[in-house]
Amino acid sequence: KGYSPEDKSVKEALISFSERALGLKTDGIYGPGPLPSLPSGAGVRFLFPSPEGRSPCKRLNLFLRWMVRRGDGLDFGLWKGVSPSKLIIPLDTHIARISRYLGLTSRNSADWAMAEEVTDSLRKLDPLDPTKYDFSLSRLGILDECPTRRDPIKCESCMIKGVCVL
């Protein structure tokens with residue numbers, strides 16, 4: 001619900017999903033009597049971010065990656081009605097940093113706009129499956145192979161040193 005194959009990406013579907021999830025009645029869960037929707041202070045709200053709020057929606061985009069991408073032996077690929085070309089990179093701190101170093105984005109804030117910009121840059125490499133690069137990008141940061149500041153020793157042996165702008 002909320003997804004249209006004509007949309008450029010899954011953005012509208014994520015907005016729709018979050019609105020519908022946050023609009024569910026919470027009868028008796030957050031106090032006596034029926035509430036029309038989750039209260040603004042409900043801790044569970046963080047599980048339903050929206051691109052409208054500028055969130056990069058990392059968890060939702062990662063879930064979609066698992067459910068949509070197929071044929072790589074890593075992702076389930078059960079949802080055949082969504083094209084992998086419509087996915088948005090599951091942006092986290094590592095992907096944001098490495099993407100800046102590679103010139104995939106000029107943005108500083110790791111928000112929805114950055115996730116779209118990084119994905120658009122990766123579409124130039126593979127328009128049919130731009131998010132397939134997320135593991136490689138995040139892994140450099142997770143393993144601390146790519147430092148937050150120039151490190152002569154680490155940078156000399158880095159696999160991306162030829163294209164890094166750090």
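When atom types are taken as modelled, the side chain of Asp75 and the backbone of Met67 share no donor-acceptor pair closer than 3.5 angstrom. In terms of modelled atom types and a separation under 3.5 Å, the side chain of Ser18 and the main chain of Pro49 share a donor-acceptor contact.
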Run the side-chain donor-acceptor check on residues 80-88: report pairs under 3.5 Å with partners two or more places apart or on a different chain.
| residue | atom | partner | partner atom | Å |
| --- | --- | --- | --- | --- |
| Lys80 | NZ | Gly77 | O | 2.8 |
| Ser83 | OG | Ser85 | N | 3.1 |
| Ser83 | OG | Ser85 | OG | 2.8 |
| Lys86 | NZ | Pro5 | O | 2.9 |
| Lys86 | NZ | Asp7 | O | 2.5 |

For residues 89-96, which side-chain N or O atoms pair as donor and acceptor with protein atoms under 3.5 Å away, sequence neighbours left out?
| residue | atom | partner | partner atom | Å |
| --- | --- | --- | --- | --- |
| Asp92 | OD1 | His94 | N | 3.1 |
| Asp92 | OD1 | Ile95 | N | 2.8 |

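For Glu145 and Lys154, the salt-bridge test fails: no basic side-chain N is under 4.0 Å from an acidic carboxylate O. A salt bridge links Arg69 with Asp72: at least one charged nitrogen is closer than 4.0 Å to a carboxylate oxygen. Under the 4.0 Å criterion applied to side-chain N and carboxylate O atoms, Asp129 and Lys132 are not assigned as salt-bridge partners.
At least one side-chain heavy atom of Leu122 sits under 4.5 Å from a side-chain heavy atom of Val118.
Each salt bridge (Lys or Arg N to Asp or Glu O under 4.0 Å) pair with one or both residues in residues 95-108, not counting sequence neighbours, appears once here: Arg107-Glu117.
With sequence neighbours left out, Pro51 forms a side-chain contact (heavy atoms from CB on, under 4.5 Å) with Lys11, Leu14, Ile15, Cys57, Trp112. Residues satisfying the ring pair (Phe, Tyr, Trp, His ring centres under 6.0 Å) test with Tyr3, not counting sequence neighbours, are none. Checked against side-chain contact (heavy atoms from CB on, under 4.5 Å), Val165 has no partners two or more places apart in sequence or in another chain.
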Where do Ile160 and Ile98 land on the side-chain contact (heavy atoms from CB on, under 4.5 Å) test, with the steps shown first? CA-CA 10 Å; Ile160 62 170; Ile98 308 283; 4.2 Å; yes
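The 12-atom threshold is not exceeded at CZ of Arg54, counting heavy atoms of other residues, nucleotides or ligands nearer than 6.0 Å.
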